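Not measured: the values here are computed from a predicted model. Numbers restart at 1 for each chain; the letters A, B, ... are given by sequence-line order, proteins then strands.
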Amino acid sequence: MENVRVRIAPSPSGFLHIGTAKIALINWLFARQRAGTFVLRLEDTDPDRTEEQYVEAMCEGFSWLGIDWDEGPPFGGVPERGPYAPYRQSQRAQIHRDAAARLLASGHAYKCFCSKEELDAERARAQAGKLPWRYSGKCRALNAEQIAAKRDAAASLRFKTPQSGHTVLNDLVQGPVRWDNQQIDDFIILKSNGDPIFHLAVVVDDLTMKITHVIRGDDHLTNAAKHVLLFEALGGPMPTFAHVPMVLDETGKKYSKRMHGANVLEWREDGYLPEALINYVVLLGWTAGDDKEVYTRAELVRAFSLERLGRSAAKFDLKKLQWLNGQHIRRLSADELRDRVLPILQKAGLDSSGRDPAWLSRMAGICQEKLVTLHDIVKQTDFFFVEPAAYEEKAVQKHWKDVEAAARLETIHRALANAAAWTSDALHADFERLGEAQGGIGKVVHPLRLALTGKSVGPGLFELAELLGKDACLRRVRRAIEFIRAGCIQTVP
RNA sequence: GUCCCGUUCGUCUAGCCUGGUCUAGGACGUCGCCCUUUCACGGCGAUAACAGGGGUUCAAAUCCCCUACGGGACGCCA
């Protein structure tokens with residue numbers, strides 16, 4: 001069986017973009033499933049766009065998502081590793097130049113002495129005439145003498161594209177794609193300053209790193225024609241190509257860098273689980289063909305297949321991500337949920353340091369099924385840590401407004417004080433009975449919830465009461481009674 | 001402008017290769033009902049799509065052609 005080698009080749013010009021994450025994820029899943037190798041290669045040959053600071057941020061994005069690489073450059077504190085180092089394209093220029101020299105020697109490339117200004121003028125003329133622009137091929141016709149006469153004038157290197165026939169690519173996702181070679185320019189592979197151009201660099205790197213499957217965004221589909229030509233000219237084994245559709249934002253536009261959520265780490269900030277995000281992103285263009293939608297990371301590795309990748313771009317849908325996030329939250333154990341939620345409580349200024357871990361797990365457990373994002377934990381549990389600072393106005397109107405409100409809370413207070421046992425089951429039974437006397441359990445439950453939490457919504461009342469403890473509950477009911485009495489003085493003239 | 005790719009419910013998609021089983025399936029969303037101490041969860045139900053036009057065929061979401069729309073490439077950027 002073939003040893004699968006795939007790569008993600010981001011250019012470190014920003015944070016980890018959601019679209020890059022999708023491509024990386026697909027490569028990673030494929031590699032892991034086939035026990036292959038996942039390579040990270042930094043395409044940093046454009047110094048104008050590369051910034052060291054982004055290297056760290058991008059690494060953090062990958063590691064948060066759980067996308068680890070087997071070979072790659074020093075990146076985010078991880079040392080360089082792998083047999084085909086270096087893995088930064090900027091350090092591989094000599095390898096690219098050597099390949100270019102071979103192409104020149106084998107007649108697959110030629111020197112071009114046209115200046116940038118000449119070419120710009122040519123291009124401008126073509127565009128003005130609404131003609132497709134392609135290099136005239138002026139220097140292609142130069143003979144040995146003419147070239148010698150140029151001596152060491154600055155020259156770029158162009159690829160000698162066949163002038164007839166066609167180039168065919170059997171893309172795993174897009175199917176067979178065919179170009180007329182006359183449509184393909186004699187593109188530059190080496191700048192006149194000797195720097196390699198992207199097309200040369202990728203192909204040479206993929207070749208030397210023995211990449212078996214080139215899985216990348218479909219914005220590269222038309223570039224692939226040039227790459228196929230280069231692979232052939234270099235005499236290397238042709239990798240399998242898979243051009244996967246990109247991720248669109250909710251309006252159907254290309255996911256711009258400035259949009260919230262474009263940066264993968266923003267989802268972490270917003271309380272999303274990495275396993276939910278990767279599950280969602282992979283669903284943007286892939287299904288197993290059955291009705292399963294919620295996958296663990298391991299299940300994804302098992303079920304994924306390149307062949308079932310869709311061919312059209314997908315719009316990002318926050319609602320579905322939210323649903324999936326809830327699904328994944330519910331699949332966590334109470335302990336796991338507690339551990340993920342603790343930093344969020346901390347950040348919200350709720351001090352949980354005095355609570356023992358088991359208690360915190362139970363607290364996490366009683367609101368687990370109510371969370372859409374991890375951040376929801378704050379409004380679900382803040383009252384455990386601080387007494388309600390205010391009572392929800394609408395709930396006060398509804399549950400504490402009538403004349404018997406205070407008296408009813410006195411009754412509730414008594415019931416709590418005399419509770420047979422301080423467990424949610426026992427309390428539930430007590431209030432069931434109390435409710436019968438009061439005209440429905442709702443008559444006692446809502447005023448109590450408001451007294452204990454200050455809100456009308458939250459975790460199960462008896463569960464939270466049990467966790468809050470008897471003393472705190474009695475104190476809060478007392479406080480509520482005083483609040484009502486004080487309020488009555490104001491409202492009754 | 002030239003070339004390349006795409007187009008099934010609002011959204012993600014199944015089905016398309018190997019035409020009939022599709023009065024087009026699932027999921028999210030939305031709406032309704034049930035469960036219920038709240039909010040959720042869960043359950044049940046409803047809603048809603050084959051871009052348009054030609055052709056091939058007994059039969060087309062599925063095959064072919066054209067058009068429209070969307071995207072991409074056309075750089076000494078990646």
What is the separation between atom [atom1] on [X] and atom [atom2] on [N], rounded to the nearest whole Å?
| X | N | atom1 | atom2 | value |
| --- | --- | --- | --- | --- |
| A/Asn325 | B/C41 | CG | P | 13 Å |
| A/Leu229 | B/C74 | CG | P | 16 Å |
| A/Phe431 | B/U36 | CZ | C1' | 18 Å |
| A/His375 | B/A40 | NE2 | P | 20 Å |
| A/Glu369 | B/G42 | CD | P | 9 Å |

Criterion salt bridge (charged side-chain N to carboxylate O under 4.0 Å, His left out) against A/Asp205, the qualifying member of A/Arg88, A/Arg7, A/Arg92:
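The residue from A/Arg88, A/Arg7, A/Arg92 that satisfies salt bridge (charged side-chain N to carboxylate O under 4.0 Å, His left out) with A/Asp205 turns out to be A/Arg92.
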Across the strands shown, which category fits [X] at heavy-atom distances under 4.0 angstrom: base, sugar-phosphate, nothing?
| X | result |
| --- | --- |
| A/Lys253 | sugar-phosphate |
| A/Tyr280 | nothing |
| A/Lys254 | sugar-phosphate |
| A/Asp291 | sugar-phosphate |
| A/Cys114 | base |
| A/Gly460 | base |
| A/His243 | nothing |
| A/Leu448 | nothing |
| A/Glu293 | base |

Counting Watson-Crick and G-U wobble pairs only, both distances under 3.5 Å, name the nucleotide matched with [N], or none.
| N | result |
| --- | --- |
| B/C63 | B/G55 |
| B/G10 | B/C28 |
| B/C39 | none |
| B/A73 | B/U2 |
| B/C16 | none |

Applying side-chain contact (heavy atoms from CB on, under 4.5 Å) to A/Phe198 and A/Asn223, what does each step give before you reach the verdict?
CA-CA 10 Å; A/Phe198 161 75; A/Asn223 288 334; 4.2 Å; yes
Within the side chain of A/His399, is there an N or O that forms a donor-acceptor pair under 3.5 Å with the backbone of A/Ser456?
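Checking the backbone N and O of A/Ser456 against the side chain of A/His399, no donor-acceptor pair under 3.5 Å is found.
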Checking A/Asp249 side chain against A/Phe316 main chain: does a donor-acceptor pair fall under 3.5 Å?
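No; judged by distance alone, with no hydrogens or angles, the pair does not exist.
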Given [options], which nucleotide is nearest the side-chain atoms of [X]?
| X | options | answer |
| --- | --- | --- |
| A/Asn223 | B/C28, B/A78, B/C76 | B/A78 |
| A/Lys320 | B/C76, B/A78, B/G26 | B/G26 |
| A/His428 | B/G26, B/C3, B/U37 | B/U37 |
| A/Glu463 | B/C76, B/U37, B/C41 | B/U37 |
| A/Ser312 | B/U7, B/A40, B/C76 | B/U7 |
| A/Val177 | B/G72, B/A78, B/C5 | B/C5 |
| A/Lys315 | B/C4, B/U11, B/A78 | B/U11 |
| A/Asp317 | B/G10, B/G75, B/A40 | B/G10 |
| A/Leu221 | B/U11, B/G6, B/C5 | B/C5 |
| A/Gln174 | B/C76, B/C5, B/C41 | B/C5 |

Please confirm whether the shortest side-chain N or O distance from [X] to OP1 or OP2 of [N] is below 4.0 Å.
| X | N | answer |
| --- | --- | --- |
| A/Arg311 | B/C5 | no |
| A/Arg308 | B/C17 | no |
| A/Thr287 | B/U13 | no |
| A/Arg449 | B/U38 | no |
| A/Gln327 | B/G42 | yes |
| A/Lys116 | B/C76 | no |
| A/Lys191 | B/C77 | yes |

Between A/Lys254 and A/Asp219 (salt bridge meaning N to carboxylate O under 4.0 Å), is one present in this structure?
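Result for this pair is no, no salt bridge flagged.
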Using the [atom1] atom as the point on both nucleotides, what is the distance between [M] and [N], in whole Å?
| N | M | atom1 | value |
| --- | --- | --- | --- |
| B/C63 | B/C16 | C1' | 10 Å |
| B/G71 | B/C50 | P | 22 Å |
| B/C69 | B/C31 | P | 35 Å |
| B/C74 | B/U11 | C1' | 33 Å |
| B/G32 | B/A68 | C1' | 39 Å |
| B/A51 | B/G70 | C1' | 11 Å |
| B/A24 | B/C9 | C1' | 10 Å |
| B/G42 | B/A61 | P | 36 Å |

Quick one: the side chain of A/Ser192 and the base of B/C76, do they pair up donor-acceptor inside 3.5 Å?
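A donor-acceptor contact between them is present.
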Side chain A/Lys319 and base B/C28 donor-acceptor under 3.5 Å:
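Side chain to base: no pair below 3.5 Å.
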Whether A/Lys292 engages the ring of A/Tyr295 as a cation-pi pair (distance to the six-membered ring centre under 6.0 angstrom, angle to the ring normal within 45°) should be assessed.
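So A/Lys292 does make the cation-pi contact.
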Do the side-chain N and O atoms of [X] and [Y] include a donor-acceptor pair separated by under 3.5 angstrom?
| X | Y | answer |
| --- | --- | --- |
| A/Thr161 | A/Asn181 | no |
| A/Glu275 | A/Asn279 | no |
| A/His260 | A/Asp270 | yes |

Less than 4.5 Å apart, side chain to side chain, heavy atoms only: is that true for A/Arg449 and A/Leu464?
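They are in side-chain contact.
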By nearest nucleotide on RNA chain B, pick out whichever of A/Gly289 and A/Leu371 is the more 5' one.
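Closest to the 5' end, via its nearest nucleotide, is A/Gly289.
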